[in-house]
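The structure appears right after this line, and notes come after that.
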Amino acid sequence: MSKVQAPRGMRDILPPQTRQWQRVIARAREWAHRCGFREIRTPILEHTEVFARAVGKGTDIVDKEMYTFEDRGGRSLSLRPEGTAGVARAFIDHGMHTWPQPVKLYYVADMFRYDRPQAGRYRQHTQFGAEIFGSAQAAADVEVLTLAIRVIQSLGLRDVVVRLNSVGCPKCRPAYLQRFRAYFTQHESALDEDSRRRLHTNPLRILDSKVPSTRALSADAPKTIDALCDECRAHFEDLQRHFAALAIPTAIDPFIVRGLDYYTRTAAEILSGALGAQNAMFGGGRYDGLVSLLGGPPTPGVGFGMGIDRLLVALDENGSLPADDLRVDAYVAAAASRANDALALVDALRAEGVAAEVDLMGRTLSAQLKAAGRAGAAVAVLLEDDATTPLVVRDLLSGEQTAVPAATVVAHVAAALAVRGRRGAAET
RNA sequence: GUGGCCAUAGCUCAACGGCAGAGCACUAGACUGUGGCUCUAGGGGUUGCGGGUUCAAAUCCCGUUGGCCACCCCA
C-alpha cells in the first residue's frame, strides 16, 4: 500500500451521498421518537468479554470477526460487532430495570466486523437498531419490529414482507435439538462439509445453508415451529395476530435461524432482492436470556438491527432516492473592492434563513455569475464598484433585474425567493 | 479463511508488445451590459505498488495491496 487509502472494507461517504444518509437516519429517528423510543449512545468499544458472552463463543462474529486489541492497561477491548450486547450491558450498568417498564431504546451506530468485503458488506457499517427491555408480551415484539417496517416503508419500499419464525425457548429447544441432531446425524453423509461441521458446533444454522443438496435435506428436517412448548406457541400466534391487525404482511419462514445464541422465540428478517447474496436488510428477534447471561436481573428483551448501507442500496435500486435537495438560493456577486459588503450581505441573508453563497476564489464578476448559475442559485445580488449605487438583484431564471437600495435588499431577496417557493436550505 | 474476475487522468472508459488518449468534470479566455448555450486554450498520469521477461511493458509473468462476485457468515 503505497497510496493513502481507506482501510480495507471501509469507505468514505461523500456528498451528495451523505445527504441520502442524513435523510434515512432522520426518518429513522423521527419514527423512533414517534414510537416512544429514546436514543442511547454506547461506547464504540466494550470489554471483549461483553461480546464473548452476549454474542457467544463459537459464533463466527466472536471467533474470527472481531477487532480485538489490548489497551495500555492490559485490558482486552473490542470494537462492537453489533449493537444489542452493548445496549444490554448499559441496561445492567445503569440499573434500568428500576426505570418505568418497558425500557425502549434506539441507536444509530457504526459496527465493525473483520469480514471479507463484498457487495453490501463492509468492515465498518452503520446500523439503526431498537430494543425493548422488560416485556415478554408479543405486543412488544410487534412494537419494535413495526418501527423497522414503518421506517422502511416510509422511505419508499412498499412491498416488504416480514419473514417470521420462532426458535423456541430453553424449555422446548433441548428436546427439539435432540430430534434435529438425530435427523441430520442419520443423513450426515449427505451433508456438505460446512454443514457437517455445524452439526456439532451450531446445528440450527444448517437450515440456512445455501448448498442445494443440504437444502433438500433441510426441507424434511424437524422445524422449530412444530416443536414449540405451549407458551412459545401462544406467543407466536399472538405475534401473527398482532401483525394481521396492523395489516403488515408476514410470511412464516421456518428456515430463519439466528447466528447469535441469545435469541429466543421470535426471529424476524426482511430480505431485499437488490442486495445480491448479502440480502438481509434487517434482522431482529427476541433475546429473553441475554440480560441475565450478562449478569443482570432476568429481563426479557426484543429488538432489531437494520443495515443502513444495505437499506440505501435497496432504496437506490427501487428509485426511491430523491436528488440532493441542498442548494444555493442566492449568490452575492461583487466587484473586488466590495468584498466586505459582500461578506456582510451574505451573512445577513443567511441570518434570514436564505442559503447564500459568495465568491471565495477571487473571481471576476462574470466568473462569479457563472459560478452562481452552476450552483443553481435562483437569484444573484450584484455589488458594483461604486458603493453609492443601488444593488442589483438579478433573477437567474428569467434574467429580470431590479435595482434595490442596500437597506432593503435582504427583504427583497427573501420575498423573491418566497414567490418562487424557494427559501433556505433543508433543515435536516 | 477459500475460489473466480478486475485495477489506465477527479469520474466513465480506449489503447492490448512499439510516442498514454477521448468524453465528462475542473481552470482561464472569447461571445453576451452580467451566468446558463457555444467556441478556444490550459492544468492534470512514475498506467495501484514491487519485482521479472524483452531492444522495447499500460500490454506478458510472479508477488503484493485494493475493488467486485460467490462461499463462509451476517446488517
Under the side-chain contact (heavy atoms from CB on, under 4.5 Å) test, which residues partner [X], sequence neighbours left out?
X	value
A:Ala216	none
A:Ile44	A:Leu79, A:Arg80, A:Phe112
A:Glu46	A:Thr42, A:Pro43, A:Val50, A:Phe51, A:Arg89
A:Ile13	A:Arg11, A:Gln17, A:Thr18, A:Trp21

Would you please name every residue forming a ring pair (Phe, Tyr, Trp, His ring centres under 6.0 Å) with A:Phe184, sequence neighbours left out? A:Phe180
Who pairs with A:His235 by ring pair (Phe, Tyr, Trp, His ring centres under 6.0 Å), at least two apart in sequence or on another chain? none
Provide the full list of salt bridge (charged side-chain N to carboxylate O under 4.0 Å, His left out) pairs with a residue in residues 377-387 of chain A, sequence neighbours left out, each pair given once. none
Would you tabulate the nitrogen or oxygen pairs shorter than 3.5 Å linking the protein to nucleotides 8-12 of chain B?
none

Output every pair passing side-chain hydrogen bond (donor to acceptor under 3.5 Å, both in side chains) with a member in residues 368-380 of chain A, not counting sequence neighbours, ordered by first then second residue. none
So what is the 5' to 3' dot-bracket string for RNA chain B, if pairs are Watson-Crick or G-U wobble with both distances under 3.5 Å, crossing pairs use [ ] and | means the partner sits on another strand? (((((((..((((....[..)))).(((((.......))))).....(((((..]....))))))))))))....
Between protein and nucleic acid, restricted to nucleotides 23-30 of chain B and to nitrogen or oxygen atoms under 3.5 Å apart, what atom pairs and distances do you find?
{"residue": "B:rU27", "atom": "OP1", "partner": "A:Arg363", "partner atom": "NH2", "Å": "2.6"}
{"residue": "B:rU27", "atom": "OP2", "partner": "A:Arg374", "partner atom": "NH1", "Å": "3.2"}

Set of residues satisfying salt bridge (charged side-chain N to carboxylate O under 4.0 Å, His left out) with respect to A:Glu39, sequence neighbours excluded: A:Arg29, A:Arg41
So, under a plain 3.5 Å distance rule, would you say the side chain of A:Gln401 forms a donor-acceptor pair with the base of B:rU34? yes
Flag side-chain contact, heavy atom, 4.5 Å: A:Tyr176 against A:Leu204: yes
